[in-house]
Amino acid sequence: MLGVLLAVGAVIVVALPFLRRPGISAAEDSLAAPDALERRRLELAEERDRSLAALKELEFDHRTGKISDEDYRDLVGPLRRRAAEALRALEPRAREGEKARVRR
């Protein structure tokens, strides 16, 4: 019986930081919807991640012999361009964020 009470007490103590603070409404406790700029940044980050994953998979397939040298050369260029475009599009926003943090 004492063990059960001790276990319940431990669960409560551990869970307290994760529970909503008293006095905060549900509207105040929720995240705001991302604006258009944030949605675009997320789309670019997803495109970057997809392109880099595809490059990694293509490289693996080429190394294991599933893709010939000729096919590899045909496929790698467009994937690299897509990844580079997404990285370039994300770069100015990263610099602006760093400048804003430094100014504060």
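Residue numbers count from 1 along this sequence. Because the structure is predicted, anything quoted here is derived from the model rather than measured.
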I'd like to know if Ile67 and Leu52 are part of one continuous hydrophobic network [Ile/Leu/Val/Met/Phe/Trp/Tyr, side-chain heavy atoms within less than 4.5 Å].
yes
When clusters are formed by joining ILVMFWY residues with side-chain heavy atoms under 4.5 Å apart, either directly or through shared neighbours, do Val4 and Ile12 land in the same one?
yes
Quick one: list whatever passes side chain to side chain donor-acceptor pair (under 3.5 Å) with Glu59, sequence neighbours left out.
Arg63, Tyr72
Rounded to the nearest 0.5 Å, how far apart are [atom1] of [X] and [atom2] of [Y]?
X     : Y     : atom1 : atom2 : value
Arg82 : Leu55 : CZ    : CG    : 8.5 Å
Glu47 : Leu90 : CD    : CG    : 10.0 Å
Glu46 : Asp49 : CD    : CG    : 7.5 Å
Leu75 : Ser68 : CG    : OG    : 8.5 Å
Ser51 : Arg81 : OG    : CZ    : 11.5 Å

For the backbone of Ala86 and the side chain of Arg48, can you confirm whether one donor and one acceptor N or O come within less than 3.5 Å of each other?
no
Around atom CD of Glu43, are there more than 12 heavy atoms from other residues, nucleotides or ligands closer than 6.0 Å?
yes
Checking Phe60 now: which residues fulfil ring-ring contact (aromatic ring centres under 6.0 Å, His included) with it, not counting sequence neighbours?
none
Side chains of Asp69 and His62: is there a donor and an acceptor less than 3.5 Å apart?
yes
Between Glu38 and Arg41, is the closest basic N to carboxylate O distance under 4.0 Å?
yes
Heavy atoms of Leu44 and Ala89 approach each other most closely as CD1-CB, 3.6 Å
